[in-house]
Amino acid sequence: MKVLIATEKPFAAAAVEGIRKEVEGAGHELALLEKYTETAQLLDAVKDADALIIRSDKATAEVFEAAKNLKIIVRAGAGYDNIDLAAATAHNVVAENTPGQNSNAVAELVLGMLVYGVRNFYNGKSGSELMGKKLGILAFGNVGRNVARIAKGFGMEVYAFDAFCPKDVIEAAGVKAVDNQEALFETCDIVSLHIPATAETKNSINYALVNKMHKGGILINTARKEVINEAELIKLMGEREDLKFITDIKPDADADFAKFEGRYFSTPKKMGAQTAEANINAGIAAAKQINAFFANGDTKFQVNK
Ligand code: 3PG
């Protein structure tokens, strides 16, 4: 079987080597398409692939149409909003993700960006500390749980809301569960977003919600840019000079946010999961899942059931 890694934003070299070992060790062939700039390159490369490993790369209906031999696609990572699941299903392709494999990397970045934020983006002026601050985690999945673990080490008071996670599971992790997302924004000094981009969550982080934060509130987004209602957040930050917005996913309206100097920071490229460890974990998990699928039809991590 031919397994193709297609990544606009490549894995660390060690991850590619780890994937190669797994794939070739199972008797399959590995092909590599990295840093491609045109969709045509992807469409050409997938033509004879039996399996595909991607990151945030867009697996559109066009990709599934071109990939005549494709049987399985694995998104090495958590969020699979970049895969057209209906198209995958229509072409009889199993779509999977690798949940949890890169969550510590994202969580560490959250805390790093938080220190940067409360220390005024290291501008030399007096800032504040995280100890004793209330941190709200919106969605208590793998990343949210890792953020909670690390934040507790900083001495933060940690709160969470997750529409799909029972309160007792949140409380068992030593985190205070609140009833809804409004309560999270009302209660916390800082809110960190860990929701996926779905029809329900897109644009859900809006004026009314963020405006519930008390003075000096900080919003951190390492989830997906689509969950933010950018126009409304810009309006709110224009009205409230106390709010900060920090993200590793450049918003579409980056230039407008950039006007809020000292209150807005975005990394040049999405980098939460951009560590050697996360790449190795997610990449090798993807390769193992593909091997298990070809060996015995294993579809444990299928997301288009
Ligand atoms: C994920 O969904 O796993 C993260 O957002 C990481 O995405 P990336 O592989 O594009 O860095």
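Excluded from the calculations below are hydrogen atoms, water molecules and symmetry mates; all remaining heavy atoms, backbone and side chain alike, are included. Every number for a ligand or one of its atoms is a count from 1 in the order of the listing. Since the model is a prediction, treat every value here as computed from it, not as a measurement.
Remark: Lys71 engages Asp50 in a salt bridge, criterion side-chain N to carboxylate O under 4.0 Å. A salt bridge does not link Lys167 with Glu171: every distance from a Lys NZ or Arg NE/NH1/NH2 to an Asp or Glu carboxylate oxygen is 4.0 Å or more. Salt bridge Arg20/Glu17: present, at least one basic N to carboxylate O contact under 4.0 Å. Using a cutoff of 4.0 Å between basic side-chain nitrogens and carboxylate oxygens, Asp242 and Arg240 are scored as salt-bridged.
Closest to atom 11 (O) of ligand 1 among all protein heavy atoms lies Lys9 NZ, 2.8 Å. Of the protein's heavy atoms, Arg55 NE, 2.9 Å lies nearest to atom 9 (O) of ligand 1. Atom 3 (O) of ligand 1 has as its closest protein heavy atom Ala78 N, 2.6 Å. Counting only heavy atoms of the protein, atom 10 (O) of ligand 1 lies nearest to Ser56 OG, 2.1 Å. Atom 7 (O) of ligand 1 has its closest protein heavy atom at Lys270 NZ, 2.8 Å.
Ligand 1 lies out of reach of Gln101, whose nearest heavy atom is not under 4.0 Å from it. Within the structure, ligand 1 lacks Met271 among the residues with a heavy atom less than 4.0 angstrom away.
When non-hydrogen atoms are compared, ligand 1 lies under 4.0 Å from the side chain of Asn102 (C-beta onward) but not from its backbone. Here Gln274 has no heavy atoms under 4.0 Å from ligand 1, in either its backbone or its side chain.
At a 3.5 angstrom cut-off on N or O pairs, Ala223 does not count as close to ligand 1. Considering backbone and side-chain atoms alike, Ala273 places every N or O at 3.5 Å or more from each N or O of ligand 1.
Atoms of ligand 1 lying under 4.0 Å from any heavy atom of Gly79, numbered from 1 in the order shown and given with element: 1 (C), 2 (O), 3 (O). Near Gly77, the atoms of ligand 1 lying under 4.0 angstrom from a non-hydrogen atom of the residue are 3 (O). Close contacts of ligand 1 with Arg224, meaning ligand atoms under 4.0 Å from a residue heavy atom, involve 1 (C), 2 (O), 5 (O).
Side chain to side chain, Asn304 and Tyr80 fail the donor-acceptor criterion of an N or O pair below 3.5 Å. Lys9 and Ser56 are not linked by any side-chain donor-acceptor pair at a separation below 3.5 angstrom, with hydrogens and angles left out of the test. Side-chain atoms of Asn120 and Lys244 form a donor-acceptor pair, as typed in the model, at a separation below 3.5 Å.
For the pair Glu241 (side chain) and Phe260 (backbone), a donor-acceptor distance under 3.5 Å is absent.
Considering all non-hydrogen atoms of both residues, Gly117 and Ile246 come closest at CA-CD1, 3.5 Å.
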